[in-house]
Amino acid sequence: MTDLPRIYLSPPHLSGQEIIYLQQALANNWITTAGPNLNAFEQELCNFTGAKYAVALNSGTAAIHLALRLLGVQAGDEVICPSFSFVASSNPILYQGAIPVFIDCEPNTWNMCPVALEKAIQERMQQGKKPKAIILVHVYGMPARLTELMAIANHYQIPIIEDAAEALGATYQGQPLGTFGAIGIFSFNGNKIITTSGGGALVTNQAAYAEKALLLATQAKDSAPHYQHSELGYNYRMSNILAGIGLGQLGVLKERVEKRRQNYGFYKEAFANLPAIKLLPEMPGSYSNRWLTTILLSPEQPINPEVLRLALKKENIEARPLWKPLHLQPLFANYPHYGEPVAEALFKQGLCLPSGSALTTIDLTRIVNIIFDQFKT
Ligand SMILES: *Cc1c(COP(=O)(O)O)cnc(C)c1O
């Protein structure tokens with residue numbers, strides 16, 4: 001073991017401004033789910049992404065759930081979802097009693113494969129089950145192949161829920177991720193590129209979606225002096241306290257993206273002469289936020305990612321395997337899956353390296369040196 005400080009995968013990184021918004025909230029008694037921080041946070045999120053409307057919620061998962069409700073997804077409906085993602089991308093499909101149809105990824109972005117997507121849509125339609133929605137994820141902040149995927153979704157007229165939980169600050173052909181789908185969602189969980197300690201948001205250009213999302217997020221209370229409810233709602237609203245943290249964080253989002261991209265650049269340069277390790281370059285037109293820097297180990301050499309993970313762990317450094325494909329999770333064992341087994345290969349050969357925006361050059365050098373040591377014979 002080492003007595004050097006612990007290095008986490010992707011810890012929160014405060015700007016120092018959060019405390020100002022928190023103090024205002026406490027001083028003025030705006031400590032629940034209404035108040036100036038909430039309004040300002042939603043406005044700033046719109047300014048940053050270019051979305052017309054934003055609704056701040058208590059998690060990204062809640063935002064996906066509401067998006068499914070807004071698109072009318074009901075029990076028994078099918079919803080397309082990538083296999084290579086975090087479980088929160090697909091759990092809300094089950095909340096609705098709907099059926100996830102998993103699409104594997106393609107090797108250039110690690111996101112939804114357009115060929116497999118089209119095949120799935122055609123096959124489901126032949127069986128008389130046109131998918132009700134497509135949940136599209138940008139894993140690790142890397143833009144998916146939006147041109148192809150949007151063309152397919154438009155052709156078959158299936159709305160997209162853009163799960164940009166990991167991709168705030170990334171762009172595709174200059175346009176911010178989260179604004180391509182009918183509805184976009186972000187997460188402000190503690191490990192994301194910016195955080196509200198825990199939280200999320202739904203963004204859209206359609207006023208009706210935004211109004212309905214706010215209604216559903218606040219117990220779907222009808223406008224009446226007494227408690228009157230016509231439909232099923234949830235307690236999903238963000239608190240004005242947490243929105244204050246979010247305001248302090250949004251102010252430095254651009255810098256946070258730049259630093260995460262620098263982390264990627266550092267690793268890329270360090271591993272340039274190590275043929276066993278490959279990183280994921282951006283495709284033309286794509287600007288990743290490099291939420292996490294990920295490496296792939298070539299299968300033709302003896303070191304596997306678990307060896308690296310344990311070597312780092314021994315030195316008090318946190319690294320994590322890539323997402324285990326959702327269609328291989330016991331929870332989702334009985335749902336359809338389309339595409340080549342790319343996600344499975346990524347899971348076997350990949351590793352997420354520490355990627356926080358407060359990493360120093362000393363930290364990064366420590367990490368890289370430990371990895372190099374494993375390849376010394
Ligand atoms: C983090 C994450 C979510 C869920 O966000 P929470 O705020 O943690 O509920 C959804 N999708 C993806 C891809 C995520 O990484």
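Both counts, for ligands and for their atoms, begin at 1 and track the order of listing. Count residues from 1 along the sequence.
Of all the listed residues (P82, S85, A88), A88 holds the heavy atom that lies closest to atom 4 (C) of ligand 1. Remark: among candidates A167, P92, G60, A63, the nearest residue to atom 6 (P) of ligand 1 is G60, based on non-hydrogen atoms.
Residue-ligand proximity, G199 to ligand 1, at heavy-atom distances under 4.0 Å covers atoms 7 (O). Ligand-side atoms of ligand 1 in range of A165: 2 (C), 3 (C), 10 (C), 11 (N), 12 (C), 14 (C), range being under 4.0 angstrom from any heavy atom. For ligand 1, the atoms lying closer than 4.0 Å to a non-hydrogen atom of V137 are 13 (C).
A salt bridge does not link R366 to E315: none of the charged side-chain nitrogens sits closer than 4.0 Å to a carboxylate oxygen. Salt-bridge annotation for E42 and R237: present, with a side-chain N of the basic residue lying under 4.0 Å from a carboxylate O of the acidic one.
For ligand 1, the polar-atom distance check against E166 finds a nitrogen or oxygen pair separated by under 3.5 Å. Residue contacts with ligand 1: W323 is placed with no nitrogen or oxygen under 3.5 Å of a nitrogen or oxygen of the ligand (distance criterion only). Residue-to-ligand polar distances keep W291 apart from ligand 1: every N/O pair is separated by 3.5 Å or more.
At a 4.0 Å heavy-atom cut-off, ligand 1 touches S59 through backbone and side chain alike. Contact annotation for T61 and ligand 1: heavy atoms of both the backbone and the side chain come within less than 4.0 Å of the ligand.
Stacking of R260 on the aromatic ring of Y264 is not recorded, the 6.0 Å distance cut-off and the 45° axial limit not both being met. Both tests hold for R261 against Y287: distance to the six-membered ring centre under 6.0 Å, angle to the ring axis within 45°.
I161 CD1 to L71 CG: the interatomic distance, rounded to the nearest 0.5 Å, is 5.0 Å.
Under the 6.0 Å cut-off for aromatic ring centres, F186 and F48 do not qualify, their centroids lying 6.0 Å or more apart.
Taking the six-membered ring for Trp and thresholds of 30 and 60 degrees, Y140 and W291 have nearly parallel ring planes, at less than 30 degrees apart.
The nearest heavy-atom contact from the protein to atom 11 (N) of ligand 1 is D163 OD2, 2.8 Å. The shortest contact between atom 2 (C) of ligand 1 and any protein heavy atom is with K192 NZ, 2.9 Å.
Looking at I185 and L66, their side chains never come closer than 4.5 Å, going by heavy atoms from C-beta outward.
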